[in-house]
Protein chains: 2
Amino acid sequence: MKTPVLDFKDCGTCPIRHRAVCARCEPDELSQLDAFKYYRSYEAGQPIIWSGDRMDFVASVVTGVASLSQGMEDGRTQMVGLLLPSDFMGRPGRELAPYDVTAVSNLTLCCFRRKPFEKMMADTPHVGQRLLEMTLDELDAAREWMVVLGRKNAREKIASMLAIIARREASLNLVPTANEFELPLTREAMADYLGLTLETVSRQMSALKRDGIIQLAGKRRIIVPDFDRLQSETGDDMDGGMVA
Amino acid sequence: MKTPVLDFKDCGTCPIRHRAVCARCEPDELSQLDAFKYYRSYEAGQPIIWSGDRMDFVASVVTGVASLSQGMEDGRTQMVGLLLPSDFMGRPGRELAPYDVTAVSNLTLCCFRRKPFEKMMADTPHVGQRLLEMTLDELDAAREWMVVLGRKNAREKIASMLAIIARREASLNLVPTANEFELPLTREAMADYLGLTLETVSRQMSALKRDGIIQLAGKRRIIVPDFDRLQSETGDDMDGGMVA
DNA sequence: CGATGCATTGAAACTTTTCAACATGGGTGG
DNA sequence: CCACCCATGTTGAAAAGTTTCAATGCATCG
């Protein structure tokens with residue numbers, strides 16, 4: 001498999017230009033960023049960072065999906081974040097990575113050397129402001145996920161995950177809901193995301209298929225004939241559910 | 001019961017002065033804040049905000065404990081945040097509250113009217129910078145909690161909660177670990193925090209007591225004879241566990 | 001074509017929940 | 001002042017849901 005070599009010399013053609021941490025940068029600020037940015041690509045499954053590693057960069061996900069996960073020493077693993085295009089990785093001011101970061105699918109990052117990025121944040125308030133907005137959104141997402149982990153049963157967990165991925169997929173493509181999409185996770189990754197075993201994930205996927213909530217085309221492509229029906233399996237409030 | 005009337009005219013005597021969102025404000029900025037701040041107190045158990053309410057203020061917790069929780073319409077509830085002194089409540093730019101907020105213990109808030117606070121954030125970058133730091137810390141805490149919810153068993157969950165509360169208690173009092181502290185939560189609140197039923201919480205508390213990991217003085221006061229022993233019940237790595 | 005990695009399915013074991021009864025302990029009103 | 005009451009907490013036993021262990025299926029890759 002050949003890793004595609006990216007060559008976005010120009011932020012103007014960047015697919016995440018309007019949603020990433022640089023969303024509100026002016027042309028001169030983009031060229032400032034350009035001075036200390038570089039792209040890196042990873043193949044599906046490759047590790048990007050191990051917990052405890054020194055991290056000299058922060059980055060935006062340009063294409064693909066990455067996971068943040070935390071391991072317990074006896075081997076149990078919990079995914080604590082799923083980074084989709086435009087999401088931000090790393091923390092300004094932090095030397096050591098607190099989580100394992102893995103490329104879930106083929107992935108391209110737009111990396112910024114950490115020190116100059118921190119300097120830019122100090123000098124250019126709206127970069128920090130944008131990062132604050134994004135961090136608050138991530139905190140909301142993390143809290144929504146806490147409800148899934150703490151209070152939903154296995155079927156509701158699976159349905160919730162599918163609904164969330166479908167919605168995010170749709171929002172990237174600027175359509176209301178995606179009724180067909182590629183599931184970027186293995187069964188094991190889903191299990192780590194949902195706090196289940198991979199067998200339970202497999203069983204519940206089969207059950208949702210058997211009940212006609214979803215169809216599978218191959219192992220990874222999901223078809224949702226009726227999004228409301230999927231939504232009603234999540235256990236969430238039908239309408240008011242989403243945060244304002 | 002009489003609600004104590006607070007009268008911190010002066011930020012100089014404020015117990016959270018050095019940790020809250022205003023930590024890095026200069027005297028002139030504090031007097032700016034003073035123009036649109038006010039204190040409110042609540043008794044243990046009182047609701048502060050219901051999900052969906054209009055929220056015209058943001059606030060710092062001065063004393064006491066508040067909870068953020070999300071309900072599912074069938075009655076299941078998951079606590080998604082526990083706000084201790086110096087923690088920030090509300091989101092600049094957001095009109096409607098996404099969670100129920102409840103005073104867990106007697107509570108005093110230092111409230112700022114939202115609009116002027118937003119203006120101040122725009123004009124005074126370091127307020128936003130401080131809020132970004134605090135939000136990133138909260139995100140870390142939320143992710144740590146996701147591991148607890150997703151991968152730990154009931155005993156580990158209880159031990160984790162006790163260890164975390166003991167540590168936060170200690171850090172407020174500037175001592176390394178608190179080996180005796182007041183547990184501010186009812187069994188039901190603990191259950192909502194941990195994604196368990198209150199019966200399971202009760203059983204595991206009894207088990208930890210039976211095994212000598214903790215002692216109970218009354219219903220709420222917890223004594224931890226050996227903090228390492230408690231820590232070893234959490235399932236976490238002994239030392240490297242804490243994020244850098 | 002056999003090996004390897006991922007996924008599915010079954011049955012037994014285990015953990016947590018559910019339902020129900022009982023305990024405790026402060027407060028209130030007789 | 002005491003009895004009773006209500007909220008909170010504890011404990012037991014059966015039921016339910018999830019995990020564990022084990023076998024099998026299916027596709028891809030060398």
Side-chain angles (χ1 to χ4, degrees), chain A residues 1-2 43-46 72 74-78 102 104-105 148-161 182-211 214-222 233 235, chain B residues 1-2 43-46 72 74-78 102 104-105 148-161 182-211 214-222 233 235:
Chain A
M1 194 187 296
K2 196 168 12 164
E43 287 175 32
Q46 283 188 327
M72 298 170 66
D74 64 359
R76 285 177 281 179
T77 296
Q78 176 64 51
T102 309
V104 165
S105 65
V148 173
L149 290 173
R151 288 301 184 197
K152 292 192 178 179
N153 64 29
R155 169 183 267 243
E156 292 169 332
K157 284 181 175 183
I158 298 282
S160 298
M161 182 192 62
E182 205 71 28
L183 190 60
L185 305 172
T186 64
R187 297 289 182 259
E188 185 177 22
M190 289 188 239
D192 287 344
Y193 201 89
L194 296 169
L196 297 170
T197 59
L198 67 88
E199 293 94 331
T200 300
V201 170
S202 188
R203 275 187 253 272
Q204 296 298 335
M205 291 287 287
S206 299
L208 288 176
K209 188 172 73 174
R210 190 166 50 245
D211 299 346
I214 59 173
Q215 292 158 32
L216 302 182
K219 290 255 143 83
R220 293 296 187 79
R221 191 150 197 86
I222 306 284
E233 294 288 342
Chain B
M1 193 187 292
K2 194 164 22 162
E43 287 174 31
Q46 283 189 329
M72 298 172 65
D74 65 359
R76 284 177 282 179
T77 296
Q78 176 65 51
T102 308
V104 166
S105 65
V148 173
L149 290 173
R151 288 302 186 196
K152 292 191 178 179
N153 63 28
R155 168 182 268 242
E156 291 169 333
K157 283 181 175 183
I158 299 282
S160 299
M161 181 191 63
E182 205 71 30
L183 190 59
L185 305 173
T186 64
R187 297 288 123 108
E188 185 178 21
M190 289 188 238
D192 287 343
Y193 201 78
L194 296 169
L196 297 169
T197 59
L198 66 87
E199 294 94 331
T200 300
V201 170
S202 188
R203 275 187 253 274
Q204 295 299 334
M205 291 287 286
S206 299
L208 288 175
K209 187 172 73 173
R210 191 166 50 245
D211 298 346
I214 59 173
Q215 292 157 33
L216 302 182
K219 290 255 143 82
R220 294 297 188 77
R221 191 148 199 87
I222 307 283
E233 294 289 342

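Letters go in sequence order (proteins before strands), and every chain restarts at 1. Every value quoted in this text rests on a predicted model; they were computed, and no experiment measured them.
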### Query
Taking B/Lys209 for the side chain and B/Gln215 for the main chain, is one N or O donor matched with an acceptor at less than 3.5 Å?
no
### Message
Could you tell me how far apart B/Leu216 (CG) and C/dG25 (P) are, to the nearest whole angstrom?
### Response
13 Å
### Task
Please check if the side chain of A/Ser160 supplies one atom and the backbone of A/Glu156 the other of a donor-acceptor pair under 3.5 Å.
yes
### Task
Decide side-chain contact (heavy atoms from CB on, under 4.5 Å) for A/Ile222 and A/Met205; before the verdict, give the C-alpha distance in whole Å, the side-chain angles of both, and the deciding distance to 0.1 Å.
CA-CA 10 Å; A/Ile222 306 284; A/Met205 291 287 287; 3.9 Å; yes
### Query
Looking only at heavy atoms, which two atoms of B/Val104 and B/Ala44 are closest? And how far apart?
O-CB, 3.6 Å
### Summary
Residues in residues 197-209 of chain B with a heavy atom under 4.0 Å of DNA chain D, by number, are B/Leu198, B/Glu199, B/Ser202, B/Arg203, B/Ser206
#### Entry: A/Arg151/B/Asp192 salt bridge by N-O under 4.0 Å criterion
yes
### Query
When you check the gap from the basic side-chain N to the acidic O, do A/Arg220 and A/Glu182 get nearer than 4.0 Å?
no
### Task
Find out whether A/Asp211 and A/Glu233 are in side-chain contact, i.e. whether some heavy atom of one side chain is under 4.5 Å from a heavy atom of the other.
no
## Note on the structure
Assign each of A/Arg220 and A/Arg151 the nucleotide of DNA chain C bearing its closest heavy atom; nearer the 5' end lies the nucleotide of A/Arg220
### Query
Could you state the CG-P distance from B/Asn153 to C/dT16, rounded to the nearest angstrom?
5 Å
### Task
Please work out which residues in residues 185-196 of chain B have a non-hydrogen atom less than 4.0 Å from an atom of DNA chain C and list them by number.
B/Gly195, B/Leu196
### Task
For atom CD of B/Glu188, decide whether the heavy atoms of other residues, nucleotides or ligands shown that lie under 6.0 angstrom number more than 12.
no
### Side chain proximity check, B/Glu199 to B/Arg203, heavy atoms < 4.5 angstrom
yes
### Task
Could you check if a side-chain atom of A/Gln204 sits within less than 4.5 angstrom of a side-chain atom of A/Leu196, using non-hydrogen atoms only?
no
### Query
Nucleotide range of DNA chain D contacted by chain B, 5' to 3', under 4.0 Å to a heavy atom?
D/dG9 to D/dA13
